[in-house]
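Data block below; observations after.
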Amino acid sequence: MELFILQKIFLVIAIICSKTEENQAVKRSIDLAATHALISDVRLSKDVVPTSYEIYLEPKINESTFDGFIRMNLICKADSKKIMIHAHYDLYINDRNIKLKRNTIKQGTECVLEIPFNGDVWENSEGLFKGFYINSSKNNKEVYFATNMRPNNARRVIPCFDEPEFKVPFTVSIARPKEFVILFNTPLQRSELHSSLDEYMIDFFETTPPISTFTFGLIITKLQKLDPYSEQIDPQVQPNINIWSNNINMEDLQKIQHKLELIYNLIRNFFNVTVPLKKIDIVGIPEVSFIQPVNNWGLLLIRKEELLNEGFYILTQELISQWLGSWVTPFWWADAHINKALSSFLASEIVIQIDGGVEFNGKYPMTKLYSIYYEFSKRYPHSRITAMKQETTSFKTELVIRMLHLTLGKNTFQNGIRSFLSAHFYSTFSADNLWNALTKQALGDSTLLSQYNVAEIANSWLSKDRLPVINADRDYLKKTLTVKQKVYLRERPHDVPGKDKMLWWIPITISRQDKLDFSRCEPYVWMGNTSQLNIDNMPSNDNFIIVNQEEIGPFPVNYDEQNWNLISKYLLTDDGREKVPTYTRAKLLHDAWNLAYAGDLSFTTALNMMLFMKFERNHIVWNPVFTFIDQIGRHIAMSQVHTKFEAYIRGLLAPLYEELGTEQLPEQDWKKDLRALAKKFLCQAGYHPCVKEAQNAFKFWQNSPSPNYENPVPNQYICPVFKWGSIEEWNFGLQRIAEFPKSRQPSERTFLLKSLTGCPIQPEKYNRLLQIAIIEEHPYFTDSDKILIFRTLAGSSVGYMTLFNFLTENWQILRQKFTNRTTLWDSLISSATGIFTTEEGYQMVKKLHEQHSGEFGSAEHIIQNSLRIIKEESKWSMENLPVIENWLDNFNPVGK
Ligand SMILES: *[C@@H]1O[C@H](CO)[C@@H](O)[C@H](O)[C@H]1NC(C)=O
Ligand SMILES: *[C@@H]1O[C@H](CO)[C@@H](O)[C@H](O)[C@H]1NC(C)=O
Ligand SMILES: *[C@@H]1O[C@H](CO)[C@@H](O)[C@H](O)[C@H]1NC(C)=O
Ligand SMILES: *[C@@H]1O[C@H](CO)[C@@H](O)[C@H](O)[C@H]1NC(C)=O
Ligand SMILES: *[C@@H]1O[C@H](CO)[C@@H](O)[C@H](O)[C@H]1NC(C)=O
């Protein structure tokens, strides 16, 4: 559940629940300490807790306001002088109208607290909000009011105990203008005419089961219920799933209904229990601004386009939350990420069950896995964006759940989840409740040894923003294997504090060539509490082993050189490639390259692992290759090795590209993607047929009578033309920037400027651009254009080299120009000095620093940082460039 820093306050109702005092006056005070608190830090007192709510809401559609009234039935568990509840400061409450009645009972005191309140309705999708869509039959704007109480916005609409733990029944009535309908968590019971408001009705709804405030929801709308079938399912057996929207044709509607029922049934079968609701209303709202669906128990608000989408994943995830999230609820917001990760994992499993992986293009869970491999191996993970931290943490949790699913076994996992769920119906859970249910099931099924427990395993992964790497070293004489774990670090230097103390519980699965079976996921051993262990009885020295096949756990594996070579040789045989499953082939390649990049494996070995790609035709295995080409390409771009590397890439990709042929519709997505990627990299590597094709397309633009107002060239051709084409072609592009009409999309101009700045390999193109944009400062380049130019130049070796020379040659002019423009100056210094990777580069930057010592001003720390990084990178280059060059020379003899 999204961001946790929100400004919320408490309403503190003083006095009240002591048994000795009768109806005291009620005083409201503001607890200032809580005003800017994190959700996770401040909790309501448990001395007084709610047992049920009665709520009346009266939204005024025309005024965009609402009135309301809540009657809370409370029980005082301890002698207390305070009731603490939540109320957002946008909610207006007149303290004098708050009433409290008490009634002493056996266990304590029952109180009834009554609060009238009112508030405003905004368009920002928090609390009670309004939105609009166009009514196609009348062609005018229709308004609707809806709620979004996640994560803690219920307090914007009603004063309440706004924490997930307080799950109580709600009895709700809501007023509406006659021509609207109201959908709520539960079905409508009856309607009455409003006694004082003209043209208004009041709808009374069935009392809800105990629910958390965040899953309370309603919508007031003119959208209609669309009936694909005449007959409805018996709500005693399972909830009716109703679709509300407008303008959906019967064929699409039946497709949606069929899809929802299919998904519902698969989820029900997984949990082996139906949700205790009579109905689930699914509202497809046209033109909505919110991106995330709003998920309430029994009422799902979603974008209409999402409802019409081909995919299953979003709907599956949202429907799962009817069980996991609404019925069974995370105890605190901090536990919500476990809920999210588990439902994402289950949703993926169900979608794959439905379509065999088509929706994920075969890439589940690779996309998530690779992103966490990159993030957690950085020197400072998540240094930039907090939202990203939540996302990667959630991915990691999902992959740990996947690991448990594979290692404990499908049945154990499923039964464990079922008993976990049934133990928490209408109630809340913490992460440990989930792990303990899995432990109990696994011990019962003997899929986990009795000295282990899932909580300890899971927490070893979830408690750190790091992942481990396994080193598997074989002794071929003794036929033993030494397995070591350490922190996986990719970016240099590997100087992370405390790294030697970090340990994970790691399932060591081993596939061996002499007893090939990639389907066995039970670990040979769980490696925990130790950084090293030995395993006997390994195969003979002509048989490989593969650890962690199919990415069972989210960790890379390194081997001794001989084992890598055995695998590489095996993959070069047709028979071998067929036997090693896809994810395992992708993993071997991905691990080898990233380990080499990290400096933990020789590039000779990594490049040898790449040899089988000549025969590989599966896009899942090919996909990560393009990332390596890009990363390694950038890294070695300054050296003569680069030309040889490009020749190698052409040799690797050309046969693939030619085999893929031209597009034949209809075509599967993976084929289209793979061709586009192959083509992009081939063009960049100067593959002649591709460059020719691009230049031909570019001619259409050059010959156009109004080139400023159109661009007939497909985007993918722009870069190859600016890179390999003539200076005239490039100038033509630059001219378009100068004459770019205001009527066109600014993003098109940005794309063009980025291509002009990022693609060329000729310094004269760059020098011309820098002259015009930076020295002459032509007015059609804004300051943000200039920063874009610096940053883009930093992306290519010719670019930053030219920028460095430009800076050196024009030092006085530039220093003068940017004296009072530190953002530009800092950006220039950072882009011109920070990217070098060789000793030669280090010397050049160092010389510049010395020559202009004391003149760097605000950028002094930037150049110092550049020098530190280059030192580190040049060490890498010195070690690896000769190895890469040597391998390429042997592979690509001169003249080929
Ligand atoms: C709300 O405004 C509409 C259009 O201006 C009007 O037709 C309607 O009567 C108003 N309703 C109420 C309850 O005031
Ligand atoms: C569109 O307008 C008509 C006429 O006022 C109304 O009956 C109908 O309910 C509206 N439909 C939607 C989807 O808003
Ligand atoms: C599913 O639930 C039903 C009814 O509660 C029960 O009888 C049945 O044994 C369960 N099936 C499994 C496989 O757990
Ligand atoms: C692992 O270490 C922890 C902490 O030292 C300890 O509590 C736990 O029992 C150990 N687990 C095993 C299986 O040895
Ligand atoms: C920079 O700002 C200072 C103080 O505002 C001013 O005196 C100086 O002339 C400015 N320099 C340039 C090059 O604009």
Side-chain angles (χ1 to χ4, degrees), residues 59 61-62 64 123 129-146 176-183 188 191 198-201 203 218-228 234-239 242-250 252-253 256 264-277 281-289 299-308 320 322-324 327-328 346 349-350 353 405 408-426 434 437-438 440-445 447:
I61 302 288
N62 285 6
S64 287
E123 283 180 48
F129 65 96
K130 62 178 172 179
F132 303 91
Y133 60 90
I134 301 294
N135 182 334
S136 51
S137 62
K138 285 199 306 183
N139 202 25
N140 66 2
K141 251 170 133 184
E142 297 281 4
V143 67
Y144 60 88
F145 279 19
R176 62 169 165 92
K178 274 185 172 155
E179 65 275 24
F180 285 76
V181 292
I182 301 177
L183 301 175
L188 180 67
S191 301
D198 239 15
E199 301 297 305
Y200 263 69
M201 307 287 291
D203 286 349
L218 62 95
I219 181 168
I220 306 178
T221 181
K222 284 189 192 168
L223 293 171
Q224 279 142 11
K225 180 165 154 188
L226 308 171
D227 270 321
D234 179 0
Q236 297 304 317
V237 182
Q238 67 178 55
N242 306 318
I243 302 167
W244 298 75
S245 192
N246 70 342
N247 298 329
I248 296 183
N249 67 46
M250 189 49 74
D252 284 342
L253 191 59
I256 296 167
Y264 181 91
N265 287 330
L266 286 170
I267 301 173
R268 190 207 43 211
N269 292 350
F270 184 88
F271 292 132
N272 192 32
V273 61
T274 186
V275 266
L277 295 172
D281 287 312
I282 298 184
V283 189
I285 308 178
E287 305 160 40
V288 293
S289 53
L299 173 65
L300 174 58
L301 312 180
I302 192 166
R303 292 158 58 227
K304 181 179 164 191
E305 299 89 85
E306 202 65 73
L307 207 51
L308 288 164
I320 284 175
Q322 298 295 311
W323 284 260
L324 193 62
W327 192 6
V328 170
L346 295 178
E349 284 286 300
I350 287 171
Q353 202 180 331
H405 177 250
L408 303 179
K410 231 179 157 129
N411 288 332
T412 296
F413 183 83
Q414 185 172 37
N415 290 328
I417 298 287
R418 285 175 178 180
S419 38
F420 156 72
L421 207 71
S422 59
H424 297 92
F425 287 152
Y426 303 111
L434 171 63
L438 288 173
K440 195 167 163 218
Q441 187 72 41
L443 295 181
D445 296 350
T447 55

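The structure displayed is predicted, hence computed values, not measured ones. We're numbering straight along the sequence, starting at 1. Start at 1 and go down the list; that is how both ligands and their atoms are numbered.
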Exercise. What orientation do Trp323 and Tyr264 show, parallel under 30°, tilted 30 to 60°, or perpendicular over 60°?
Worked result: tilted
For this session: Can you confirm whether something in the protein, heavy atoms only, sits under 4.0 Å from atom 2 (O) of ligand 2?
Result: yes
For this session: Note the single closest protein heavy atom to atom 11 (N) of ligand 2, along with its residue, its atom name and the distance in Å.
Result: Asn135 ND2, 3.0 Å
Problem set entry | Cation over ring face, Lys222 and Phe180, 6.0 Å, 45° | yes
For this session: Tell me which protein heavy atom sits closest to atom 14 (O) of ligand 2, plus the residue, atom name and distance to 0.1 Å.
Result: Tyr133 OH, 2.8 Å
For this session: Give the residue and atom name of whichever protein heavy atom lies nearest to atom 4 (C) of ligand 2, and the separation in Å to one decimal.
Result: Lys138 CD, 3.3 Å
Problem set entry | Ligand-residue contact atoms, ligand 3 with Arg418, heavy atoms, under 4.0 Å | 12 (C), 13 (C), 14 (O)
Problem set entry | Protein non-hydrogen atom found under 4.0 Å from atom 7 (O) of ligand 3 | no
Problem set entry | For Gln414 against Asn269, the heavy-atom pair lying closest together | NE2-O, 4.1 Å
Exercise. Tyr144 versus Ile220: any side-chain heavy-atom pair under 4.5 Å?
Worked result: no
Problem set entry | Residue pair Tyr200 / Pro59: nearest heavy atoms and the distance that separates them | OH-O, 3.4 Å
For this session: Could you tell me whether a side-chain N or O of Lys304 sits under 3.5 Å from a main-chain N or O of Ile248, the two making a donor and an acceptor?
Result: no
Exercise. Within a radius of less than 6.0 Å around NZ of Lys440, do more than 12 heavy atoms belonging to other residues, nucleotides or ligands occur?
Worked result: no
For this session: Check each heavy atom of Lys222 against ligand 2 and say whether those closer than 4.0 Å belong to the side chain, the backbone, both or neither.
Result: both
Exercise. Which atoms of ligand 2 are found less than 4.0 Å from any heavy atom of Asn246?
Worked result: 13 (C)
Exercise. Nearest protein heavy-atom contact for atom 9 (O) of ligand 2: which residue, which atom, what distance?
Worked result: Gln224 NE2, 3.3 Å
Exercise. Which residue and non-hydrogen atom of the protein lie closest to atom 5 (O) of ligand 3, and at what distance in Å?
Worked result: Asn272 ND2, 4.8 Å
Seminar exercise, completed: Nearest heavy-atom approach of Asp203 to Arg176 is OD2-NE, 2.7 Å
Problem set entry | Enumerated ligand 2 atoms positioned under 4.0 Å from heavy atoms of Glu142 | 1 (C), 2 (O), 10 (C), 14 (O)
